[in-house]
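Everything numeric here is computed off the predicted structure, so don't read it as measured data.
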Amino acid sequence: QVQLVESGGELVQVGGSLRLSCTTSGRTFSSTVMGWFRQAPGKEREFVASILWRGGDTLHANSVKDRFTISRDNAKNTVYLQMNSLKPEETAVYYCAMGLAPRATSTESKYDYWGQGTQVTVSS
């Protein structure tokens with residue numbers, strides 16, 4: 001059974017930074033993709049960033065480009081989301097997800113496993 005465990009969410013001031021972590025217990029393959037999504041209160045879940053586990057192909061949502069960076073540490077089976085210059089509207093539960101795809105992808109249906117989420121609150 002694949003498990004994804006997120007951590008790193010907390011209360012931060014506007015313009016601040018956070019690094020989220022997601023550790024997986026599942027095996028990884030050449031087509032394993034990891035993704036970060038977020039869901040704000042009353043809104044649909046939206047894509048944030050994705051990374052191909054082997055090869056490192058990445059994809060970031062336009063809204064976070066140049067501020068957020070997804071990366072991974074193969075030895076630790078962990079994916080990170082470095083978030084800088086945070087905005088109040090980015091307050092949300094951030095979810096880590098794992099699936100199979102030939103490249104980094106924003107398509108939710110490609111992700112088979114999801115973490116429980118970690119709360120990020122950006123205070124003004």
Tightest non-hydrogen contact, residues Trp53 and Val79, listed as CZ3-CG2, 3.1 Å
Separation of Gln3 CD from Met98 CE (nearest 0.5 Å) = 12.0 Å
Joint cluster assignment, Ile51 & Leu18, ILVMFWY side-chain distance < 4.5 Å | yes
Same cluster for Leu4 and Phe47 if Ile/Leu/Val/Met/Phe/Trp/Tyr side chains link at under 4.5 Å?
-> no
Quick one: do Val33 and Tyr80 end up in the same hydrophobic cluster if we chain Ile, Leu, Val, Met, Phe, Trp and Tyr together by side-chain heavy atoms under 4.5 Å apart?
-> no
Establish whether Leu81 and Leu59 are linked, either directly or via other cluster members, by ILVMFWY side-chain heavy-atom contacts under 4.5 Å.
-> no
Connected via hydrophobic side-chain network under 4.5 Å: Leu20 and Val93 = no
Step-by-step side chain to side chain contact (heavy atoms under 4.5 Å, CB included) determination, Met83 to Val48 | CA-CA 11 Å; Met83 306 187 294; Val48 177; over 6 Å; no
Where do Glu90 and Ser85 come nearest, in terms of heavy atoms and distance?
-> OE1-O, 4.3 Å
For the side-chain hydrogen bond (donor to acceptor under 3.5 Å, both in side chains) test, which of Glu6, Gln119, Arg38, Gln39 pairs with Tyr94?
-> Arg38
Between Phe37 and Trp114, how do the two ring planes meet: parallel, tilted or perpendicular, split at 30° and 60°?
-> tilted
Passes side chain to side chain contact (heavy atoms under 4.5 Å, CB included), Met34 versus Arg72? Steps please.
-> CA-CA 9 Å; Met34 303 293 294; Arg72 89 274 191 229; over 6 Å; no
Of the non-hydrogen atoms in Phe68 and His60, which two are nearest, and what is the gap between them?
-> O-CD2, 3.4 Å
Check: Thr107 side chain, Thr105 main-chain N or O, donor-acceptor pair, under 3.5 Å | no
Tightest non-hydrogen contact, residues Val122 and Thr91, listed as N-OG1, 2.8 Å
Minimal heavy-atom distance between Ser50 and Tyr111, with the atoms involved, is OG-OH, 2.9 Å
With a cut-off of 6.0 Å (strictly less than), are more than 12 heavy atoms of other residues, nucleotides or ligands near CG of Asp66?
-> no
For residues Ser25 and Asn77, determine if any side-chain heavy atom of one lies less than 4.5 Å from a side-chain heavy atom of the other.
-> no
Over all atoms of both residues, closest heavy-atom pair of Thr23 and Thr78 = OG1-OG1, 3.0 Å
How many angstroms lie between OG in Ser63 and CD in Glu89, if you round to the nearest 0.5 Å?
-> 9.5 Å
